[in-house]
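These notes are about the structure you will find just below.
The chains referred to below are lettered A, B, ... by the order of the sequence lines, with proteins before strands, and numbering in each begins at 1. This structure is a prediction, so every number in the text was calculated from the model and none was measured.
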Protein chains: 2
Amino acid sequence: MSLPHAILTALLEKPSSGLELTRRFDRSIGYFWSATHQQIYRELGKLEKAGHIRALPTDSPARGQKKEYEVLAPGREELERWVGQREEPRALRDPLMLRLRATGVVGVGEGLVEELRRHRALHAARLAEYREFQRRDAARGHGTERDRVQGLVLQGGIDLELFWVNWLDKAIDGLAGPEHTPASQVG
Amino acid sequence: MSLPHAILTALLEKPSSGLELTRRFDRSIGYFWSATHQQIYRELGKLEKAGHIRALPTDSPARGQKKEYEVLAPGREELERWVGQREEPRALRDPLMLRLRATGVVGVGEGLVEELRRHRALHAARLAEYREFQRRDAARGHGTERDRVQGLVLQGGIDLELFWVNWLDKAIDGLAGPEHTPASQVG
DNA sequence: ACCCTCATGTAAGTAGTTACATGATTAC
DNA sequence: GTAATCATGTAACTACTTACATGAGGGT
């Protein structure tokens, strides 16, 4: 049950409308908790009904008009409760590793090696993007606790993409050329 | 839509009953594609109806009796098709990183740091387990392509757990003691 | 008038989780 | 006989995805 808490966090960082949240879920927050606009609008409705957030008063009509939300005290309390609570690490579900394992029984088609290369490129691109964020953040300085925490999260994203790039290199090397030369590690 | 393909892979590796599959999803396969017995039985029903697998003939009655399944040619073809197909990397959803980010707005409670340490221990335990698998596999030797592929998957698991352990060390260090000494890296 | 973008939503379907039901076999 | 374990399943619910609907405002 993390989506409502992701939204509460986003709204505490900055009160927003549904569409603005959607855009933010396509960038920063979405890098470790993705959500579509349909999920977001539905969840905003639930959170409002539960008294965790409210729509900022406006004189414009309902449909087709921007509606901004802010977090209320009970919403903040719920978020605090959730942050400190005990929760098991989520079980992994990765289709790419599954597909690799399947080649053990159906054989390695050229299709999969191509897929591994394509994924490698996607992860490398995201890694570069994150590093650009990091460079920009470092320039702005990082005094507050909020900056430090977001820095740790960003570092997590970077380390995770590094894992993917390096492991995919090993996998491509292991599949494409069993007469292998060891892949150089990206650091 | 990966669960049916995970099951097809498992059944090709070794024909099994629902409960046997469930156990295997608690070990090897489940390390990168988890599933409960309810999901597995439901999916076995669908796969049988689709003509992708069949129950091995038996004289025992239905309920409470073991029912073994094997993969049929159409099932194998479907798996081959799926392995080579293009599929985007799945969007990440990690509650722990989300909780860390939330501390940026609600502040760092002692609860979260404890959680990070707990998760760190869980990942370290799994890492040790994987390395034990690797040691055992190395002893048995790895001649076939199937062994090599499973070795790559296992290496993926190890690298991923290494990412978690090392990043969690950074995060714990960054939160608990901003007067930090740098964490030593596990390699 | 037409199209594009901004903006909010509804509906239907798939996937995954949690709780419960029930029969068969073995150990004591 | 009764408890534990093996084994298969149903039902209800929550979460997520995909496709579509609709209205407002601006540009040409």
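If you take NZ of B:K46 and P of D:dG9, they are 15 Å apart, rounded to a whole angstrom. Look at CD1 on A:I40: it is 15 Å from P on D:dA15, rounded to the nearest Å. To the nearest angstrom, C1' of D:dC6 lies 14 Å from CD of B:E68. As rounded to whole Å, 17 Å separates atom C1' of D:dG23 from atom NZ of A:K66. Put simply, CD1 on A:I7 is 13 Å from P on C:dT8, counting in whole angstrom units. A straight line from CZ of A:R90 to C1' of C:dA15 spans 12 Å, rounded to a whole angstrom. One can place CG of A:L3 at 16 Å from C1' of C:dG16, the figure rounded to the nearest angstrom. In this structure, A:L44 places its CG atom 15 Å from P of D:dA15, rounding to the nearest Å.
Looking at the side chain of A:Q38, the nearest of the listed nucleotides D:dC20, D:dC16, C:dT18 is D:dC20. Listed candidates were C:dT8, C:dG16, D:dG9. Nearest to the side chain of B:K67 is D:dG9. Closest to the B:T36 side chain, of the nucleotides C:dT18, C:dA7, D:dT18, is C:dT18. Counting only heavy atoms from C-beta on, B:Q39 has its side chain closest to C:dT17 among C:dT17, D:dA15, C:dT8. Distances were taken from every side-chain heavy atom of A:S17 (C-beta onward) to each of C:dT8, D:dT8, D:dC16; the shortest belongs to C:dT8. Comparing atom distances between the B:M1 side chain and each of C:dA15, C:dG16, D:dC16 picks out C:dA15 as nearest.
With respect to A:K66 and A:E20, a salt bridge is recorded, a charged nitrogen being found less than 4.0 Å from a carboxylate O. Between B:D147 and B:R140 there is no salt bridge, since no side-chain N of the basic residue sits under 4.0 Å from a carboxylate O of the acidic one.
Of the two residues near DNA chain D, A:S2 and A:H37, the one whose nearest nucleotide lies more 5' is A:S2.
For B:R23, no side-chain nitrogen or oxygen approaches OP1 or OP2 of D:dT5 to under 4.0 Å. In terms of phosphate contacts, B:Y41 brings a side-chain nitrogen or oxygen within less than 4.0 Å of OP1 or OP2 of D:dT8.
A:D94 places no side-chain N or O within 3.5 Å of a backbone atom of B:F32 that could act as its donor or acceptor partner.
The two atoms that bring B:R101 and A:V149 nearest to each other are CA-CG1, 4.1 Å, heavy atoms only.
Note: A:Y31 OH to A:F133 CZ = 4.0 Å, rounded to the nearest 0.5 Å.
A donor-acceptor contact under 3.5 Å is formed by the side chain of B:R42 with the base of C:dT17.
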